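Given the structure is predicted, the values throughout are model-derived calculations rather than measurements. For ligands, and for the atoms within them, numbers begin at 1 and follow the listed sequence.
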Amino acid sequence: MALYDKFQDKTRKKLAVLIDPDKPTDVQIKSIVDSANAADVDFFFVGGSLLTTDSLEHCIKVIKANSDIPVLIFPGNSLQISKYCDGFLLLSLISGRNPEMLIGRHVIAAPYLKLYGNEIIPTGYMLIDSGKATSVSYMSDTTPIPHDKDDIAMCTALAGEMLGLKLIYLEAGSGAEIQVSTSMISKVRQMISIPLIVGGGIKTPEMAADAVKAGADIIVIGTAFEKEPEMLMRFAEAIHRV
Ligand code: 1GP
């Protein structure tokens, strides 16, 4: 099954585990991967707003040596490309008005992506305000959509779908204090027919379950698993049960 088919599969809600390749040691990556295998997690996303080490490919190799779960690059910039991943989320930051994040970086990355033959999934990436400045809003030089402006989020997601994007990702930012509201998730869900990803600041299995009940198809969690990979099973059960 092509990776995008797996995103579209409606048989269950899905969990993607985000690994920032800068942070964990090989032993810590292996521990998260072992927990993800046991919890039947659906995807690994690998990437970060700013990487300070040359660790991306190594991280992907460690995951792939220990798991059959598909690994997608979730790039923070055009340096985060590798032939070893299974797929690549080609992010267009449609909540912002920075042309570099809408098309500029893509022009630089495109020939490498073609050369490597990665499965490309064009993704409408939407930053939602979460109460404080996040790395991703600072690094992308874009203003997030206000937390309570569901109508702006709905119309932005709809425009993204009309432009041909294949996924919409509502992002509060890694480690966000406030997650995307269930009201916004539900209204965006009603507006679009493509799969909806939600992430940022989801700290408990109950919060993850609320997001999928509101209409998210895929939940992305990183920070909560960095310290406690054993929590992964509880999150996966809460999401897969819905
Ligand atoms: C960030 O949505 C992801 O891009 C995950 O966020 O680290 O807060 O789980 P957390």
Which distance, rounded to the nearest 0.5 Å, do you find between the [atom1] of [X] and the [atom2] of [Y]?
X	Y	atom1	atom2	value
Asp54	Leu56	CG	CG	8.5 Å
Thr156	Lys149	OG1	NZ	13.0 Å
Phe225	Leu15	CZ	CG	5.0 Å

Name of the residue among Lys6, His240, Lys13 meeting side chain to side chain donor-acceptor pair (under 3.5 Å) with Asp42: His240

Out of all atoms in ligand 1, which are within 4.0 Å of some heavy atom of [X]? Include the element for each.
X	answer
Ile221	9 (O)
Gly200	2 (O), 3 (C), 5 (C), 6 (O), 8 (O)
Leu18	1 (C), 3 (C), 4 (O), 5 (C)
Gly175	7 (O), 8 (O), 10 (P)

Output side-chain donor-acceptor pairs under 3.5 Å for residues 89-103, partner residues at least two apart or in another chain, one line each.
residue : atom : partner : partner atom : Å
Ser92   : OG   : Leu102  : O            : 3.4
Ser95   : OG   : Leu127  : N            : 2.9
Arg97   : NH1  : Ile94   : O            : 3.2
Asn98   : OD1  : Glu100  : N            : 3.0
Asn98   : ND2  : Ser140  : O            : 2.8
Glu100  : OE1  : Arg105  : NE           : 3.3

For ligand 1, the portion of Tyr169 having any non-hydrogen atom under 4.0 Å away: side chain

Hydrophobic cluster (4.5 angstrom, side-chain heavy atoms) - remaining members for Leu50: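 Its cluster partners, ordered by chain and number, are Tyr138, Met139.
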
4.0 Å heavy-atom contact, Ala224 with ligand 1: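 Ala224: no contact with ligand 1 (<4.0 Å).
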
Whether Phe74 lies under 4.0 Å from ligand 1, heavy atom: yes

Side-chain ion pair, Asp26 and Lys30, N-O less than 4.0 Å: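 No salt bridge links Asp26 with Lys30.
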
Return the closest protein heavy atom for [atom] as residue, atom name and distance.
atom	answer
atom 9 (O) of ligand 1	Gly222 N, 2.8 Å
atom 10 (P) of ligand 1	Thr223 OG1, 3.5 Å
atom 1 (C) of ligand 1	Glu171 OE2, 3.3 Å

